[in-house]
Amino acid sequence: MPELPEVEVVRAGLEPAVVGSTIAGVEVLDGRALTRHVGSHDDFTARLSGRAVTAAVRRGKFLWLLLESAAIEPAEALIGHLGMSGQLLLRAPGAPRERHERVRLAIDHPAHGELAVVFADQRTFGSLAVDALVPTADGAPGGWGSDAPLVASQAAHIARDPLDPAFDDAAFARGLGRRASAIKRVLLDQTVVSGIGNIYADEALWAARIHPETPASALSTRAVRTLLVEIRAVLQKALAEGGTSFDAQYVNVNGQAGYFAHSLNAYGRHGQPCPRCGGAIRREAFMNRSSHYCPRCQRKR
DNA sequence: ACGTTTGCCTGCTAGC
DNA sequence: TGCTAGCAGGCAAACG
């Protein structure tokens, strides 16, 4: 389940291979991978063919490759979202098809030669699109990986993520204060703060000792500050460990799993002892998914 | 056969 | 009356 740390691992892995390369060929094996592309599959292919890649950028869980744009205005990007099970893999040219392979790009790099960039996705919630770039609202860089104050239009409504230097802590606190919804739902709302999914929401709330159903507006200033500190800590630790992998669904660009699953304190640990107090971690249905928390050290209200 | 997982969309309400 | 923001529920798809 790729969230910010997993997507950043993918971006960082892609960056040295694709920046400076030219897209030499595009194969669309399954059109469902292009559901977010406005235009036909042929249009997608035509817009990418021959284009040079100048940067690999990420905001929250969105990833985009800036495309060189001598004559094209506004400038464009190849934007991707991995959804639940999407993978971007670097392979040798002519490498055998991946299981659930949807799109393959052939790239040519002046220093590294030819390479295949493969988009594979079991559940097809992920997608790729060629998208126009728009100026950022605050004039700051669009995301990690580029200084350009541009963001892919499909990611323009997505808030900055908590590891973004331009993330506005005060605006985050004001946003929580306006919302009566459960804090967990608000953390999962990518227009409030991006990059957090079910795993890191549960982990950050556990670390901050906040019950997932606490109304966001009921949190004290101090609790909000603690929560933000813990969100950043868990995201950074997961990033350092290469992300969280439970199965083959999340891997880096070389197909390798991450190690953060060993560091989880709450997520997926229902019935096991809370590492802090020894009480049993509880799992509850919430928003069509599961919340994992310690009822003893994350008291409601 | 059903539960699991994700972001996003839709339709509703409240308030200015 | 019309707009916006907040809100909650439900959807898509594949796999075990």
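Just so we're clear, the structure is a prediction, and the values are computed from it rather than from any experiment. Sequence lines set the chain letters: A, B, ... in the order given, protein chains first and strands last, and positions in each chain run from 1.
- For the atom pair A:L65 CG and A:T54 OG1, the distance stands at 9.0 Å (nearest 0.5 Å).
- In this structure, CD of A:Q190 is placed 15 Å from C1' of B:dC9, rounded to the nearest angstrom.
- Map A:H100 and A:V186 each onto its nearest nucleotide of DNA chain C; the residue landing nearer the 5' end is A:V186.
- With hydrogens and angles ignored, a donor-acceptor pair under 3.5 angstrom links the side chain of A:R123 to the base of B:dT5.
- Note that A:R11 lies outside the cation-pi zone of A:W64, set by a 6.0 Å cut-off to the ring centre and a 45° limit from the axis.
- At the heavy-atom level, A:F286 lies nowhere under 4.0 Å from the strands shown.
- OP1 or OP2 of B:dT6 has not a single side-chain nitrogen or oxygen of A:Y200 nearer than 4.0 Å.
- Considering A:V26, A:L34, A:V103, A:V130 in turn, A:V26 is the only one that fulfils the side-chain contact (heavy atoms from CB on, under 4.5 Å) rule with A:T45.
- The side-chain hydrogen bond (donor to acceptor under 3.5 Å, both in side chains) test with A:Y293 is passed by exactly one of A:R283, A:E284, A:K184: A:E284.
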How does DNA chain C look in dot-bracket notation if pairs are Watson-Crick or G-U with both distances under 3.5 Å, crossing ones as [ ], other-strand ones as |? .|||||||||||||||

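- Following rounding to the nearest Å, A:M84 (CE) and B:dT5 (P) show an atom-to-atom distance of 8 Å.
- Remark: P of B:dG15 and CZ of A:R178 are 16 Å apart, rounded to the nearest angstrom.
- Residue contacts for A:R289: at a heavy-atom cut-off of 4.0 Å it reaches a base atom on one of the strands shown.
- A salt bridge links A:R58 to A:D161: at least one charged side-chain nitrogen sits closer than 4.0 Å to a carboxylate oxygen.
- The distance from atom CG of A:D121 to atom P of B:dT5 is 17 Å, rounded to the nearest whole Å.
- Residue A:R283 contributes atom CZ, which lies 11 Å from atom P of B:dG3 at whole-angstrom precision.
- Remark: P of B:dC9 and NE2 of A:H157 are 7 Å apart, rounded to the nearest angstrom.
- The interatomic distance linking A:L188 (CG) with B:dC8 (P) rounds to 12 Å, in whole Å.
- Heavy atoms of A:T35 sit nowhere under 4.0 angstrom from any nucleic acid atom.
- Annotation: salt bridge (Lys or Arg N to Asp or Glu O under 4.0 Å) contacts of A:R185 (sequence neighbours excluded): none.
- The aromatic rings of A:H292 and A:H270 are tilted relative to each other, their planes meeting at an angle between 30° and 60°.
- First and last contacts of DNA chain C with chain A, using any nucleotide atom under 4.0 Å from a protein heavy atom and ordered 5' to 3', fall at C:dG6 to C:dC15.
- Both A:V234 and A:L239 belong to a common hydrophobic cluster when Ile, Leu, Val, Met, Phe, Trp and Tyr are linked at side-chain heavy-atom distances under 4.5 angstrom.
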Checking side chain to side chain contact (heavy atoms under 4.5 Å, CB included) for the pair A:L67/A:I23: CA distance, chi angles, key distance, verdict? CA-CA 10 Å; A:L67 302 172; A:I23 299 172; 4.2 Å; yes

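- Atoms CE (A:M287) and C1' (B:dC8) sit 11 Å apart, rounded to a whole Å.
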